[in-house]
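In what follows, a structure is listed as structure tokens, so that the remarks can point back to it.
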There are 2 protein chains.
Amino acid sequence: MADQLTAAGKALAVLGTFTRDRPSQSLSQIANRTGLALSTTHRVVTELAQWGALERTDEGDWHIGLRLWEVGSVCPRGQILRDVALPYMQDLYEVTHENIQLAVREGTEMVFVERIAGHRSVELRTMVGARHPLLGTAMGMVLLAYAPNEIREAVLAGPMDRHTPHTVTDPKTLRAMLAQTRRATCAVNDRQFQDHTVGVAAPVRLGEHGDVEAALGIVVAGQTGAAVRQLRHPVLAAARAISNVLGQRAGTR
Amino acid sequence: MADQLTAAGKALAVLGTFTRDRPSQSLSQIANRTGLALSTTHRVVTELAQWGALERTDEGDWHIGLRLWEVGSVCPRGQILRDVALPYMQDLYEVTHENIQLAVREGTEMVFVERIAGHRSVELRTMVGARHPLLGTAMGMVLLAYAPNEIREAVLAGPMDRHTPHTVTDPKTLRAMLAQTRRATCAVNDRQFQDHTVGVAAPVRLGEHGDVEAALGIVVAGQTGAAVRQLRHPVLAAARAISNVLGQRAGTR
DNA sequence: GACGCCGCTTCCGTCACGCGGAAGCAGGGC
DNA sequence: GCCCTGCTTCCGCGTGACGGAAGCGGCGTC
């Protein structure tokens with residue numbers, strides 16, 4: 001994280017050092033990670049805190065402030081999307097009691113925006129706010145299938161992680177699966193990411209032009225075949241319902 | 001929103017102009033609201049966009065970017081609290097099918113952090129990310145009951161909105177209600193905010209010292225008396241469960 | 001209790017970076 | 001074609017940001 005030397009850039013660099021794994025850190029840790037001088041860091045941090053972007057713990061460490069969360073929650077592809085989708089994810093969860101997830105594509109990755117995980121569902125590795133590659137999951141498959149060409153090519157040309165023996169890494173097969181995803185308006189991931197778990201995902205359209213930028217997915221344990229195929233309809237219906245609400249909103253804005 | 005004249009401050013001022021009601025705006029709108037010169041605004045906005053804090057719509061308007069949402073989601077009292085609480089709110093919702101809400105206190109107000117609202121529940125006015133005064137709601141009563149003295153005094157001395165004929169505005173009565181809230185570890189709001197709706201709320205403890213900084217609440221329509229009293233136990237249990245998880249987390253951090 | 005270490009805070013002189021007026025540009029309405 | 005509005009780019013001036021260094025305070029050590 002080199003110094004671009006612009007004042008606002010330093011502030012953003014400071015904010016960027018906070019992650020889910022490192023939600024709070026001391027002044028010198030921030031200084032180290034940003035490469036800024038300690039005194040500079042101090043000034044920037046103090047100013048951010050004054051505005052409410054950062055807060056201080058009793059121990060003197062710093063963490064992201066509620067004010068910044070509030071502003072971040074105005075993100076159309078973040079909290080606002082989440083707010084619209086949650087009731088439908090809710091319904092879906094109640095029927096299935098499995099993990100329900102919502103993600104948006106950001107470049108060649110996806111960011112998890114919402115997740116409903118009751119106590120009875122499979123334990124998942126992903127977290128809200130986390131980034132994840134597109135390959136290897138049903139949600140990623142959906143996002144990739146409807147992504148612009150350059151994104152698709154970049155991903156298919158890039159490195160591919162093999163998570164399980166079932167992970168598909170052959171570009172030709174992947175292309176066929178993407179075509180199939182577009183045809184069926186939904187993707188199924190059979191143990192490609194984790195052994196014993198199967199995912200089903202469907203596209204959510206947002207924006208004025210109805211572009212697909214989000215995906216709704218469900219993850220279930222151990223089942224294959226007919227049981228999974230039955231999940232397609234509720235998932236598709238929920239995704240379509242969310243898209244409809246978003247479309248209406250865009251119109252009335 | 002006067003100019004404090006510091007560079008980072010201008011960037012923050014720009015971010016601060018985005019609200020739920022105004023999620024996207026043009027360059028000149030931002031310039032007007034911040035009081036910055038157009039060229040300055042342009043430079044700042046461009047830089048924020050480059051980092052990912054802002055994004056541009058096809059129409060040329062600006063809105064909060066996903067990157068900022070990601071950073072905001074690292075807020076302990078925001079998304080992280082939400083992630084811990086959601087499964088329990090989930091369970092509570094499934095039993096009741098009523099609105100379940102989570103809020104944290106920020107000064108003399110509260111900020112809604114999470115909300116589960118199925119299609120069958122009462123329509124509420126509040127939104128996730130919104131601020132709200134403490135008086136007049138069960139959740140606010142809980143937050144006020146456990147707030148530092150100076151906050152409590154400030155609120156009781158301040159102006160009080162009367163929402164319905166049932167709204168309590170007498171400081172003496174309010175003090176008695178706060179004491180009762182602490183005694184019962186939960187608050188009940190009988191039609192003080194909206195006619196025909198009743199709220200029940202319980203404290204959530206977070207932070208190392210187990211301070212109460214959040215409240216879990218439920219809002220139901222039309223009922224009073226015994227039906228409401230029965231809600232106290234599940235709400236209390238859920239709030240306690242969330243507090244426990246948060247306590248353990250703080251220990252292992 | 002004195003010493004030293006470490007991390008945070010404050011100070012201040014220098015200098016480059018941010019500032020905003022003004023000019024240029026693109027769209028679109030009359 | 002003209003004007004008007006809103007966005008973008010340019011550039012010289014002056015001020016606010018920079019970071020080295022000194023000061024401070026808490027804590028562990030001898």
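The figures that follow rest on heavy atoms only: side chains count, while hydrogens, waters and symmetry mates do not.
When rounded to the nearest whole Å, the span between CD1 of B:Ile30 and P of D:dG6 equals 14 Å. If you take NZ of A:Lys10 and C1' of C:dG18, they are 13 Å apart, rounded to a whole angstrom. Whole-Å rounding puts the B:Leu38 CG to C:dG21 P distance at 10 Å. Going from atom CD of A:Glu59 over to atom P of D:dC27 covers 13 Å, rounded to whole Å. Taking atom CZ on B:Arg33 and atom C1' on D:dG6, their separation rounds to 19 Å, with Å as the unit. Following rounding to the nearest Å, A:Asn32 (CG) and C:dC6 (P) show an atom-to-atom distance of 14 Å. Summarising the geometry, the separation between CD on B:Gln25 and C1' on D:dC7 is reported as 15 Å, rounded to the nearest angstrom.
At a threshold of 4.0 angstrom between heavy atoms, the contacts of B:Thr40 include nucleobase atoms, whether or not backbone atoms are also involved. Note on A:Thr46: nothing from the nucleic acid sits closer than 4.0 angstrom, heavy atoms only.
Residue-to-nucleotide contacts include no donor-acceptor pair under 3.5 Å from the side chain of A:Thr6 to the base of C:dG18. A donor-acceptor contact under 3.5 Å links the side chain of B:Ser39 to the base of C:dG21.
A 4.5 Å side-chain heavy-atom check between A:Met139 and A:His132 finds every atom pair outside the cut-off.
Here the side chain of A:Leu27 is nearest to one of C:dC19, C:dC8, D:dT8, namely C:dC8. For B:Arg56, taking side-chain heavy atoms from C-beta onward, the closest of the listed nucleotides C:dG20, D:dG6, D:dT8 is D:dT8. In this structure, the nucleotide among D:dC7, C:dG20, C:dC8 sitting nearest to the side chain of B:Ala37 is C:dG20.
Both tests do not hold together for A:Arg77 against B:Trp69: distance to the six-membered ring centre under 6.0 Å, angle to the ring axis within 45°. Cation-pi geometry between B:Arg152 and B:Tyr146 is not satisfied (NZ or CZ under 6.0 Å from the ring centre, within 45° of the ring normal).
Contact annotation: A:Arg43 side-chain N/O to D:dA17 OP1/OP2 distance is not under 4.0 Å. Note on A:His42: every side-chain N or O is 4.0 Å or more away from OP1 and OP2 of C:dC8.
For the pair A:Trp62 and A:Ala7, both in contact range of DNA chain C, the more 5′-proximal nearest nucleotide belongs to A:Trp62.
Side chains of A:Trp62 and A:Glu55: no donor on one and acceptor on the other come within 3.5 Å.
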